[in-house]
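We use all heavy atoms of the structure for the numbers below, so side chains are in, but hydrogens, waters and symmetry mates are not. Labels below follow one simple rule: chain letters A, B, ... track the order of the sequence lines, proteins then strands, and each chain is numbered from 1.
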Number of protein chains: 2
Amino acid sequence: MRVTIADVARLAGVSKATVSRVLNGRPDVDRATQARIEEIMAETGYVPSSRAVDLARGRTRTLGVLAPTLHTPWMPELLQGVADVVEPSGYGLLLHSAAGGAPALERFAANVRGHAVDGVLAVDPGVALEHLRDLHRDGLPVVVVDTGGSPAPLPSVGADYTDGGRRAAELMLAAGRLRLAMITGPEGDPAGAACAEGFADRLTGTGAVLRASHVTEADGTEQGGYDAVQRLMRARLFFDGLFAHGDPMAAGALRALQEAGRQVPGEVAVVGFGDVPPAAYTLPPLTTVRVPWSDMGAAAARALIGRLRGEPVAEEPMVFETSLVSRGSTPPVGRVPGQRNRRAARTAELPAF
Amino acid sequence: MRVTIADVARLAGVSKATVSRVLNGRPDVDRATQARIEEIMAETGYVPSSRAVDLARGRTRTLGVLAPTLHTPWMPELLQGVADVVEPSGYGLLLHSAAGGAPALERFAANVRGHAVDGVLAVDPGVALEHLRDLHRDGLPVVVVDTGGSPAPLPSVGADYTDGGRRAAELMLAAGRLRLAMITGPEGDPAGAACAEGFADRLTGTGAVLRASHVTEADGTEQGGYDAVQRLMRARLFFDGLFAHGDPMAAGALRALQEAGRQVPGEVAVVGFGDVPPAAYTLPPLTTVRVPWSDMGAAAARALIGRLRGEPVAEEPMVFETSLVSRGSTPPVGRVPGQRNRRAARTAELPAF
DNA sequence: CTGAAAGCGCTTACAG
DNA sequence: CTGAAAGCGCTTACAG
């Protein structure tokens with residue numbers, strides 16, 4: 001708190017108001033005066049106190065981000081998308097992890113009510129949703145990013161999970177897989193349900209079948225996916241295509257299949273969901289339904305900032321399209337609608353060795 | 001900015017000073033007065049303005065976190081560690097990603113100089129290091145988390161990368177591997193160098209050898225690791241143990257080995273570094289040198305907050321120990337110093353199927 | 001184009 | 001135990 005606007009004003013022989021004017025780039029200042037003031041600011045290394053500016057202006061230029069936990073596989077990508085638009089816009093990013101449970105939410109609420117942030121971007125708010133709706137009703141700009149497919153009663157961005165399931169089904173069909181299995185979950189995840197619905201829907205009327213017996217739920221983890229496949233195999237169920245709602249579960253499924261000596265994708269084609277870190281590291285690399293996490297984060301941030309600037313925000317949720325990323329866990333097939341091909345070319349030209 | 005301290009004071013028939021006293025839990029307030037004020041605060045839903053408090057107190061209770069990018073594999077874990085100590089301490093977390101290059105750093109600097117934060121926690125500051133040192137010299141509390149092994153001229157926390165390499169070597173020895181190879185990099189990464197040094201050091205005087213020809217550098221990515229192994233194999237070099245400085249590279253190595261039909265861990269034992277997301281998802285799951293990212297983040301945060309409370313901060317870097325996490329990419333061997341066994345038991349009792 | 005003054009909403013000695 | 005006043009460092013009408 002060294003040099004203040006008062007110091008600069010005194011040194012320049014003007015009033016604080018005039019310094020404030022050049023600080024804020026107002027045009028109604030004499031060229032010479034402005035130059036002199038700027039020079040003094042440079043000489044003294046003056047930097048306005050954001051605390052004081054915030055108080056005087058009644059806003060903070062800071063956005064609160066509420067995230068359930070920071071190590072969900074897709075969180076880094078989403079957060080980077082948010083940061084990429086928030087920071088260049090001159091806003092700060094105040095990060096709150098709700099991982100601490102009720103006390104953490106309490107602190108978040110206190111921060112918000114204390115006007116530490118101008119708006120809130122909430123990722124999968126869960127139990128905090130009700131609270132956010134109240135805040136929104138009371139005038140706080142709020143945008144939620146919904147990775148769970150549960151439509152929020154607030155401006156929100158999400159993805160078309162049903163269509164994601166549909167794309168997975170189309171790939172199975174294109175690969176000629178007729179006896180399908182699916183790992184859903186975690187329990188109560190609406191995105192999982194939407195996804196499963198899309199998958200099943202697209203299958204009806206085709207030659208392929210997805211029996212209820214072949215649908216099993218897991219907890220979203222690698223181990224969960226592993227155990228799920230073990231259950232299917234213990235029950236002596238046959239399947240030549242497996243769709244897992246979540247790449248970690250798909251990774252676990254690959255492990256179980258490999259241990260059982262079942263060839264992927266030869267005997268079983270495996271498709272995951274999310275295109276998050278595990279996907280590119282499995283063996284074979286995982287074909288998956290890509291959700292544009294970073295785009296979603298960026299869109300939410302843009303909507304929030306727009307709202308702060310007084311622009312209207314769409315009331316209906318912004319829904320992003322998913323796409324298919326083809327890697328090694330499904331056989332190479334002709335182009336499937338919405339499919340992206342990654343690394344396919346490069347893999348094809350590998351030396352036999 | 002609805003109800004202010006003045007409103008509460010008026011309603012309670014006291015001065016703002018008295019309200020401020022109960023707000024800050026000072027003992028020198030009449031019980032009855034305090035009760036009345038608290039009641040009114042509750043009724044009116046009064047919440048102090050953090051902007052005003054910050055200005056009046058001359059601090060923000062906010063910590064700036066400067067991170068190079070948010071999607072480095074270990075960043076989420078580190079950040080969660082930071083958040084887990086910062087938030088319960090009542091501090092906010094202002095996140096800055098330096099991914100935007102110079103302009104991003106410029107905004108960071110402006111925020112800091114504008115006193116938007118009370119202290120800074122910088123992760124691998126790189127080019128910003130010099131600037132941070134200046135700030136630190138000028139009195140700003142700074143702690144750096146160094147994942148690269150480059151000792152910062154500032155209070156810092158890091159890990160013992162040399163010892164990490166040593167642990168990897170010990171595991172190779174315990175597994176009886178005598179012809180070793182290593183993938184280093186990315187270029188110019190001091191941690192990589194430290195790691196390689198520890199690995200080579202531990203090998204000298206044993207029967208095992210790591211020839212210069214068997215050391216190859218890659219860029220840290222999965223594809224980089226894949227390409228590196230291809231290079232080794234094209235050169236017709238034999239090795240029965242491979243250490244990669246970085247789990248993503250190790251994952252790529254596994255892919256290349258598998259394509260070439262080389263059994264892991266039977267013919268080649270593979271050890272990675274970091275224990276970051278790819279590690280648990282590869283096939284076989286990756287044995288790796290664990291770096292305690294979350295502990296490191298937490299320690300840095302604690303040191304910074306301690307510093308803000310006036311506690312002295314150690315000038316020497318806080319160095320964390322690494323440990324070995326045994327998974328499937330190395331053969332089961334007797335206990336190696338510093339080794340943790342994960343999932344080993346569970347894997348062993350899998351049904352043959 | 002510029003200044004004096006009030007205001008943003010708290011905290012903190014200083015008196016009593 | 002409590003209040004009046006000054007202060008934190010800006011911004012913003014209001015005059016001129």
Side-chain angles (χ1 to χ4, degrees), chain A residues 1-38 40-41 44-62 90 92 110-118, chain B residues 1-38 40-41 44-62 90 92 110-118:
Chain A
M1 219 85 320
R2 208 64 53 83
V3 24
T4 74
I5 199 176
D7 300 323
V8 176
R10 185 164 26 75
L11 259 31
V14 297
S15 72
K16 293 188 303 175
T18 299
V19 177
S20 176
R21 285 188 186 99
V22 349
L23 227 35
N24 294 286
R26 298 221 206 286
D28 53 350
V29 180
D30 182 81
R31 294 268 313 144
T33 316
Q34 174 185 340
R36 186 156 33 99
I37 291 174
E38 276 168 349
I40 289 178
M41 295 199 295
T44 57
Y46 169 73
V47 178
S49 155
S50 44
R51 295 197 274 264
V53 175
D54 287 351
L55 179 58
R57 284 222 262 255
R59 51 110 190 106
T60 56
R61 286 232 140 210
T62 298
N111 256 324
V112 170
R113 312 218 57 207
H115 296 264
V117 299
D118 293 346
Chain B
M1 223 84 322
R2 207 66 51 83
V3 22
T4 73
I5 199 176
D7 300 323
V8 174
R10 186 164 24 76
L11 259 30
V14 297
S15 71
K16 294 189 300 175
T18 300
V19 177
S20 176
R21 286 188 187 102
V22 348
L23 228 35
N24 294 288
R26 297 220 207 286
D28 52 351
V29 181
D30 183 80
R31 293 268 315 142
T33 316
Q34 174 185 340
R36 185 153 35 97
I37 292 174
E38 276 168 349
I40 290 179
M41 296 199 295
T44 55
Y46 169 73
V47 178
S49 155
S50 44
R51 295 196 274 265
V53 174
D54 287 350
L55 180 58
R57 285 222 259 253
R59 52 110 188 105
T60 56
R61 286 235 138 208
T62 298
N111 256 325
V112 170
R113 309 219 58 206
H115 295 265
V117 299
D118 294 344

**Prompt:** Could you give the distance from CD (B/Gln34) to OG1 (B/Thr18), rounded to the nearest 0.5 Å?
**Reply:** 11.5 Å
**Prompt:** Where the side chain of B/Arg57 is defined as all heavy atoms beyond and including C-beta, which of D/dC10, D/dT12, C/dT12 is the nearest nucleotide?
**Reply:** C/dT12
**Request:** Name the closest nucleotide to the A/Leu55 side chain, picking from C/dG9, C/dC10, D/dC10.
**Result:** C/dG9
In whole angstroms, how far is the [atom2] atom of [N] from the [atom1] atom of [X]?
X	N	atom1	atom2	result
A/Ile5	C/dG3	CD1	P	12 Å
A/Lys16	C/dG7	NZ	P	14 Å
B/Arg36	D/dT2	CZ	P	8 Å
A/Arg59	D/dT11	CZ	P	9 Å
A/Asp7	D/dC8	CG	P	10 Å
A/Arg61	D/dT11	CZ	P	13 Å

**Request:** Enumerate the residues from residues 21-34 of chain A whose closest heavy atom to DNA chain C is under 4.0 Å, giving them by residue number; use none for an empty result.
**Result:** A/Arg21, A/Asp28, A/Val29, A/Asp30, A/Thr33
**Asked** Can you list every pair that meets salt bridge (Lys or Arg N to Asp or Glu O under 4.0 Å) and has a residue in residues 8-36 of chain A, with sequence neighbours left out?
**Response** A/Asp7-A/Arg10
**Most 5' of B/Ala52 and B/Ser15 on DNA chain D, judged by nearest nucleotide** = B/Ser15
**Request:** Describe the nucleic acid contact of A/Val14 in one word from base, sugar-phosphate, nothing, applying a heavy-atom distance below 4.0 Å.
**Result:** sugar-phosphate
**Prompt:** Within the structure shown, what part of the strands sits under 4.0 Å from A/Thr18 by heavy-atom distance: base, sugar-phosphate, or nothing?
**Reply:** sugar-phosphate
**Message:** For A/Thr44, give me all partners under side chain to side chain contact (heavy atoms under 4.5 Å, CB included), at least two apart in sequence or on another chain.
**Reply:** A/Val3, A/Val8, A/Leu11, A/Ile40, A/Tyr46
**Request:** Under the salt bridge (charged side-chain N to carboxylate O under 4.0 Å, His left out) rule, collect the residues that match up with B/Arg57, sequence neighbours excluded.
**Result:** none
Considering residues at least two apart in sequence or located in another chain, which fulfil the side-chain hydrogen bond (donor to acceptor under 3.5 Å, both in side chains) criterion with [X]?
X	answer
A/Ser50	none
B/Thr62	none
A/Asn111	A/His96

**Item:** Side-chain heavy-atom pair A/Ser49, A/Thr4 within 4.5 angstrom cut-off
**Value:** no
**Prompt:** If a stem is a run of at least 3 consecutive Watson-Crick or G-U pairs, both distances under 3.5 Å, which stems include DNA chain C?
**Reply:** C:1-3 with D:14-16, C:5-12 with D:5-12, C:14-16 with D:1-3
**Prompt:** Side-chain donor-acceptor pair under 3.5 Å between B/Asp118 and B/Thr60, yes or no?
**Reply:** yes
